[in-house]
*Asks:* 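Mind looking over this structure? Questions follow.
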Amino acid sequence: MDYFQNLNPQQQQAVMATFGPVLVLAGPGSGKTRVLTHRIAYLIGAMGVPAYHILAVTFTNKAAREMGTRVTNLLDEQTQGLTLGTFHSTCARILRRESDKLPIDSNYVIFDADDQIRVVKQALQDLNIDDKQYRPVSVHAAISNAKNELIFPDDYKDQSYRGKVVAKVYRRYQELLLISNGVDFDDLLLWTAFLLDNFPEIRQKYARRFEHVLVDEFQDTNQAQYVLLKHLASFHNNIFVVGDVDQSIYRWRGADYRNVLRFEEDFPDAQIILLEQNYRSTQTILDVAMAVIDRNPHRKPKKLKTSRGQGKKVVFYEAYDDRQEGQYVVDTITSLVARHIANPGDFAVMYRTNAQSRLLEEAFLRANLPYKLVGAQRFYGRKEVKDIIAYLRLVYNPGDEVSLFRVINIPPRGIGNKTVIDLQILAQNEKDNPGKILINLSKGIESEYRHSFTKRAATVLSKFGELLTNWTELANQLSVLGLMDRIIEDAGYHEYIDDGTDEGHDRWENVEELRRLAAEYQDRGIESFLEDIALVSDQDTLNETTNVPTLLTLHAAKGLEFPMVLIVGLTDGILPHVRSFEDPEAMQEERRLFYVGITRAKDQLYLISSLNRSSFGFTEPVEESRFLLDIPDGFFFNERTTRSHSRWKTGISSTEPRWGTSVSKPDGDQTPQYSPGSRVEHPVWGEGMVLNSRMQDDEEIVDIFFEDLGLKRVAASLAKLEIKHD
DNA sequence: ATAAAGTGACTTTTT
DNA sequence: GTCACTTTAT
């Protein structure tokens, strides 16, 4: 078996690098996944390292799955025993095994983002803190940041007034999680790091086991992850990390690309390998990417090269507003597909914020075109899906208060607010768990809690407790799907959500989808099911099988590639986002985000901006993204529009304040002569398709797509266009 | 106890 | 222009 087939010299060097620390700095499209998979295969196949002794961590399940299949293909055998997963799922497994050392039980549940906010709210309420002044999301962010830096409540040292309040909330928040036998995402890392820090025998056990530790997307690790890795590699010292500081886009989540620099300091004997040869994009795309990223300060300049040739120029389009942006996207895709220049599945439409997807989706729906949207949140965030999961979580771990109070009266079963509060107070006084109190109540007359409630309340509560008891007993006998169906049946959930309306039908469809997912867990238990769905990322839901365009955020696009990439919303305030204006570090990250988007493109790039944008209900004029000004005109296919063109020429820097520009509006009194979709003949450029037309100062401005030239914007009176009739 | 109607905050990005 | 949370009416 040749483990170096189709690898360039640098890639080969990385694959068979000697043992010890290795840092691979890999530019976009330089084959870093290839290097990682080949190295794992090489270690197992050529070096005889048992798969059991190898640990490889990624950031998404999709990346892990992909690596798994590729390694298996290379080795032509099962890679039994290989530990390959995300940071979070790997930690989750370690915690289940070692929970006896920690204040959690092995059947702990993982609280998602929504649950975490609920717990913060509860903590604020318990401490009588005003949640208007201390917004749950912002308090949670502070707690999360602390956890990412491995700071426990007792070590929280912010002495400002606000800091002291946060410390109190943090302590209560953590108590509440433990009462529920739950952990949040950050806890998975925090508790594992705690375990390895404080129990030498456990650290030894794992550090000895993992002869080789390999890490993907190393620039996105936070401090907790970095410490974790150092512990895990502490015995054999074979740590192989791959990353690119220019693609670090998760600072807000605690990621610190400085970990790459820290790695060089902490492992001075590390081998450093550079992968610069790009196999993905055309040179034009790489040049544009470099023009953008080179403006970031304190970078080691990097030269991206490809052997793919210059390729086509970049198409720039300035739409009237964000709605028309969507129309342009759909028109462009339709037109290129109709001409057999590309397949629908070749396209990806990328945007900065999730909110932007709505108008795009509407444009696709109007045109009756299928698309796929990357975003697990969409599905798992649905009320009906969360309800069912909450039921399952509650059965798996009756201590889970968040899930209990979520479903205690869903569907309505006569347990009102008053009763719920009484139950909470009782639980607090008795230092018992509300879920267990319910189960106790279901014993009927013998229950000591019977008299703590009114007769009516005791009846409804014990009835629910009875259901819970039954399900808990069934949990061991039934499959996940069996249990789920039983719960839906007993709770009357189907009738509750499917009320005969269209929306009701949709809601039930979502439950059906969840049932299909559960069906895949026939031979794995409820534990795997709950863990997997708690740790799915947006990217994980993406499957390449369908030949339709993909809609996704720039963040979700990292690690992916598409022949045709359209980036929309290139206006100041969206990209770069307003929230980054005051913070230079954040602004640099916005630039990296744009860079990541650009470098996803293999063949052609469309950059789309608009003159007006609706935000917060109203439409207002907006400025073109300052990043666009950093791209020299020569890379664009079409003429830049007057507005940006003149600014480029006069050399007004992107940092200068901008004056209000006159915004052109379609004139209602005059009707454009050329309608979108119609075909026209241009004396020089030949045949093209009208994508858009609008009146401006008594002149019709027409955007026409020509097969060979791309998009052109012309004034109808000057261009001598001829309308073609089929 | 529950459904309907009103208020107010909110939009970065996600394991 | 949406969602979640609160108040009010039945």
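Within every chain, numbering begins at 1; the chains are lettered A, B, ... in the order of the sequence lines, protein sequences first and strands thereafter. Basis for what follows: all heavy atoms, side chains included, without hydrogens, waters or symmetry-related copies.
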*Asks:* Cation-pi between Arg626(A) and Phe581(A): NZ/CZ under 6.0 Å from ring centre and within 45° of the ring axis?
*Replies:* yes
*Asks:* Does Arg262(A) qualify as a cation-pi partner of Tyr257(A), given the criterion of NZ or CZ under 6.0 Å from the six-membered ring centre and within 45 degrees of its axis?
*Replies:* no
*Asks:* Judged by each residue's nearest nucleotide on DNA chain B, which is more toward the 5′ side, Val578(A) or Arg456(A)?
*Replies:* Arg456(A)
*Asks:* To the nearest Å, give me how far apart CG (Asp131(A)) and P (dC5(C)) are.
*Replies:* 10 Å
*Asks:* Base, sugar-phosphate, or nothing for Asn61(A), non-hydrogen atoms under 4.0 angstrom?
*Replies:* nothing
*Asks:* Taking any heavy-atom pair under 4.0 Å as a contact, classify Phe59(A): base, sugar-phosphate, or nothing.
*Replies:* sugar-phosphate
*Asks:* Is there a side-chain polar atom (N or O) of Arg118(A) under 4.0 Å from OP1 or OP2 of dA4(C)?
*Replies:* no
*Asks:* Within the pair Asn417(A) and dT6(C), is there a side-chain N or O less than 4.0 Å away from OP1 or OP2?
*Replies:* no
*Asks:* So, for Tyr250(A) and His555(A), is the gap between ring centers shorter than 6.0 Å?
*Replies:* yes
*Asks:* Taking dA4(C) as the reference, what is the distance to dT13(B) when you measure between their P atoms (whole Å, please)?
*Replies:* 15 Å
*Asks:* Of the nucleotides dT15(B), dT13(B), dT11(B), which one has an atom closest to the side chain of Thr86(A)?
*Replies:* dT15(B)
*Asks:* If we check salt bridge (Lys or Arg N to Asp or Glu O under 4.0 Å) with Asp246(A), which of these qualifies: Arg299(A), Arg591(A), Lys558(A), Arg592(A)?
*Replies:* Arg299(A)
*Asks:* Measure from the side chain of Arg135(A), starting at C-beta and using heavy atoms only, and say which of dT11(B), dT14(B), dC10(B) lies closest.
*Replies:* dC10(B)
*Asks:* Would you say a side-chain N or O of Ser89(A) is under 4.0 Å from OP1 or OP2 of dT15(B)?
*Replies:* no
*Asks:* Which of these nucleotides, dG1(C), dA1(B), dT11(B), is closest to any side-chain atom of Thr419(A)?
*Replies:* dA1(B)
*Asks:* Closest nucleotide of DNA chain B for Asn409(A) versus for Ser580(A): which of these residues is on the 5' side?
*Replies:* Asn409(A)
*Asks:* Ignoring the backbone of Trp252(A), work out which of dT15(B), dT13(B), dA1(B) is nearest its side chain.
*Replies:* dT13(B)
*Asks:* Among dA1(B), dA4(C), dT15(B), find the nucleotide with the atom closest to the side chain of Lys121(A).
*Replies:* dA4(C)
*Asks:* Please pick, from dT2(B), dT13(B), dT15(B), the nucleotide with the shortest atom-to-atom distance to any side-chain atom of Pro412(A).
*Replies:* dT2(B)
*Asks:* Check whether Phe529(A) forms a cation-pi arrangement with Arg524(A) (NZ or CZ under 6.0 Å from the six-membered ring centre, at most 45° off the ring normal).
*Replies:* no
*Asks:* Find the distance Leu461(A):CG to dA1(B):P and express it as a whole number of Å.
*Replies:* 10 Å
*Asks:* Once you round it to whole Å, what is the distance between C1' of dC10(B) and NE2 of His577(A)?
*Replies:* 11 Å
*Asks:* Rounded to whole Å, how long is the line connecting atom CG of Asp186(A) with atom C1' of dT14(B)?
*Replies:* 11 Å
*Asks:* Taking salt bridge (Lys or Arg N to Asp or Glu O under 4.0 Å) as the criterion, tell me which of Lys386(A), Lys121(A), Lys383(A) meets it with Asp114(A).
*Replies:* Lys386(A)
*Asks:* To the nearest Å, how far apart are Ile410(A) CD1 and dA1(B) C1'?
*Replies:* 13 Å
*Asks:* Of all the nucleotides listed (dT14(B), dT15(B), dA1(B)), which has the minimum atom distance to the side chain of Phe185(A)?
*Replies:* dT15(B)
*Asks:* Among residues at least two apart in sequence or on other chains, which ones pass side-chain contact (heavy atoms from CB on, under 4.5 Å) with Thr60(A)?
*Replies:* Lys62(A), Ala63(A), Ser537(A), Gln539(A), Asp540(A)
*Asks:* Nearest whole angstrom, please: distance from the P of dG1(C) to the CG of Asn354(A).
*Replies:* 18 Å
*Asks:* Would you please name every residue forming a salt bridge (charged side-chain N to carboxylate O under 4.0 Å, His left out) with Asp187(A), sequence neighbours left out?
*Replies:* Lys147(A)
*Asks:* Over how many whole Å does the gap from Asp114(A) atom CG to dA4(C) atom P extend?
*Replies:* 8 Å
*Asks:* State the dot-bracket string of DNA chain B. Criteria: Watson-Crick or G-U wobble, both atom distances under 3.5 angstrom; notation: ( ) intrastrand, [ ] crossing earlier pairs, | interstrand, . unpaired.
*Replies:* |||||||||......
